Amino acid sequence: QVQLVESGGGLVQAGDSLGLSCTASGRTFSNYAMGWFRQAPGKEREFVAAIRESGGITYYADSVKGRFTISRDNAKNTVYLQMNRLKPEDTAVYYCAAAAGRFMLRVGASYDYWGQGTQVTVSS
């Protein structure tokens with residue numbers, strides 16, 4: 001029903017900023033809460049941020065709170081992740097995900113669709 005495509009990953013230095021985008025197919029984008037997760041080598045998939053359908057409620061992992069901002073534009077079927085003051089420990093593959101009618105948006109199992117991921121590498 002929904003295909004998600006991430007973009008915007010790349011190589012940056014610690015302290016730099018980077019913006020990720022995730023564009024969804026379909027005509028029901030506004031019905032889905034959206035989330036960003038990441039997975040670093042040797043680590044489990046980790047919740048990063050989520051945003052409810054209307055964009056009025058957001059959630060962040062403690063590790064990124066104050067540095068990352070999630071937003072969405074339902075008219076463009078796009079969710080964004082603005083990452084500021086990046087740290088080497090932010091290095092990971094970042095995944096966009098869509099959740100229909102779920103409450104626990106910090107949990108990966110709540111999401112119905114996932115993108116292919118985009119690599120973010122932060123050098124020291």
Side-chain angles (χ1 to χ4, degrees):
Q1 296 181 31
V2 177
Q3 294 186 58
L4 305 173
V5 180
E6 303 97 332
S7 63
L11 297 167
V12 297
Q13 293 184 335
D16 285 352
S17 297
L18 195 64
L20 305 182
S21 297
C22 172
T23 299
S25 66
R27 293 190 286 265
T28 58
F29 178 75
S30 63
N31 293 337
Y32 292 88
M34 301 295 297
W36 287 97
F37 290 76
R38 66 188 183 186
Q39 187 165 27
K43 295 185 178 181
E44 295 182 335
R45 183 178 60 192
E46 176 188 24
F47 169 77
V48 176
I51 186 166
R52 295 231 65 99
E53 293 83 344
S54 68
I57 302 174
T58 58
Y59 309 86
Y60 296 95
D62 289 343
S63 59
V64 307
K65 191 173 297 183
R67 298 188 298 121
F68 291 10
T69 301
I70 188 171
S71 61
R72 68 189 294 162
D73 186 339
N74 287 349
K76 296 181 179 179
N77 279 20
T78 301
V79 63
Y80 307 93
L81 184 68
Q82 179 62 43
M83 304 183 292
N84 298 326
R85 292 182 169 84
L86 283 161
K87 305 174 180 179
E89 51 262 46
D90 294 319
T91 295
V93 177
Y94 283 71
Y95 297 92
C96 173
R102 310 285 186 172
F103 289 99
M104 300 183 66
L105 298 181
R106 297 177 182 269
V107 180
S110 294
Y111 292 81
D112 302 283
Y113 304 98
W114 294 82
Q116 85 289 345
T118 186
Q119 177 71 48
V120 173
T121 302
V122 184
S123 63
S124 60

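Owing to the predicted nature of the structure, the values given are computational and were not obtained by experimental measurement. We're numbering straight along the sequence, starting at 1.
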Worksheet item: Is there a path of hydrophobic side-chain contacts, each under 4.5 Å between heavy atoms of I, L, V, M, F, W or Y residues, that connects I51 with V2?
Response: yes
Worksheet item: Who pairs with D112 by salt bridge (Lys or Arg N to Asp or Glu O under 4.0 Å), at least two apart in sequence or on another chain?
Response: R102
Worksheet item: Given the rule that I, L, V, M, F, W and Y join up when any side-chain heavy atoms are under 4.5 Å apart, are L4 and F47 in one cluster?
Response: no
Item to complete: List in chain and number order the residues that pass salt bridge (Lys or Arg N to Asp or Glu O under 4.0 Å) with K43, two or more places apart in sequence or in another chain; answer none if no residue qualifies.
Response: none
Worksheet item: Under a single-linkage definition using a 4.5 Å side-chain heavy-atom cutoff for Ile, Leu, Val, Met, Phe, Trp and Tyr, are Y95 and L81 assigned to the same hydrophobic cluster?
Response: no
Worksheet item: What is the minimum heavy-atom distance between I70 and M34, and which atoms define it?
Response: CD1-O, 3.9 Å
Worksheet item: Sequence neighbours excluded, which residues qualify as side-chain contact (heavy atoms from CB on, under 4.5 Å) partners of S63?
Response: R38, E46, A61
Worksheet item: For the hydrophobic clusters of this structure (ILVMFWY residues joined by side-chain heavy atoms under 4.5 Å, transitively), does one cluster hold both V48 and Y113?
Response: yes
Discussion item. List the residues meeting side-chain contact (heavy atoms from CB on, under 4.5 Å) with S71, not counting sequence neighbours, and say none if there are none.
Written reply: Y80
Response to the item:
Scanning both residues in full, the closest heavy-atom pair of R45 with G108 reads NH2-CA, 3.7 Å
Discussion item. Looking at G117, is its backbone amide N or carbonyl O close enough to the side chain of E6 to form a donor-acceptor pair, meaning the two atoms are under 3.5 Å apart?
Written reply: yes
Item to complete: List in chain and number order the residues that pass salt bridge (Lys or Arg N to Asp or Glu O under 4.0 Å) with R67, two or more places apart in sequence or in another chain; answer none if no residue qualifies.
Response: D90
Which atom pairs, donor and acceptor, lie under 3.5 Å between side-chain atoms of residues 9-24 and protein residues at least two apart or in another chain?
| unit_1 | atom_1 | unit_2 | atom_2 | d |
| --- | --- | --- | --- | --- |
| D16 | OD2 | Q13 | N | 3.2 |
| S17 | OG | N84 | OD1 | 2.9 |
| T23 | OG1 | T78 | OG1 | 3.4 |

Worksheet item: Which pair of non-hydrogen atoms, one from L105 and one from Y59, has the smallest distance, and what is that distance?
Response: CD1-CE1, 3.9 Å
Discussion item. Between Y111 and F37 (judged by ring centroids, cut-off 6.0 Å), do the two rings come close enough to count as a pair?
Written reply: yes
Practice prompt. Check the pair Y32, N74 against side-chain contact (heavy atoms from CB on, under 4.5 Å), reporting the backbone distance first and the verdict last.
Written response: CA-CA 10 Å; Y32 292 88; N74 287 349; over 6 Å; no
Worksheet item: Is the closest side-chain heavy-atom distance between W36 and V79 below 4.5 Å?
Response: yes
Item to complete: State, with a plain yes or no, whether a side-chain heavy atom of Q116 is found less than 4.5 Å away from one of V5.
Response: yes
Worksheet item: Quick one: ring pair (Phe, Tyr, Trp, His ring centres under 6.0 Å) partners of Y94, sequence neighbours excluded?
Response: none
Worksheet item: For R52, what residues pass the salt bridge (Lys or Arg N to Asp or Glu O under 4.0 Å) criterion, not counting sequence neighbours?
Response: none
Worksheet, complete the sentence: So the salt bridge (charged side-chain N to carboxylate O under 4.0 Å, His left out) pairs with at least one residue in residues 113-124 (sequence neighbours excluded) are none
Worksheet item: Taking only residues two or more places apart in sequence or in another chain, which ones pass side-chain contact (heavy atoms from CB on, under 4.5 Å) with E89?
Response: K87
Fill in: Set of side-chain contact (heavy atoms from CB on, under 4.5 Å) partners for V107, sequence neighbours left out
M104, A109, S110
Worksheet, complete the sentence: The reported gap from NZ in K65 to OG1 in T58 (rounded to nearest 0.5 angstrom) is 9.0 Å
Practice prompt. Enumerate the residue pairs fulfilling salt bridge (charged side-chain N to carboxylate O under 4.0 Å, His left out) with a member in residues 76-86, sequence neighbours excluded, ordered by first and then second residue.
Written response: none
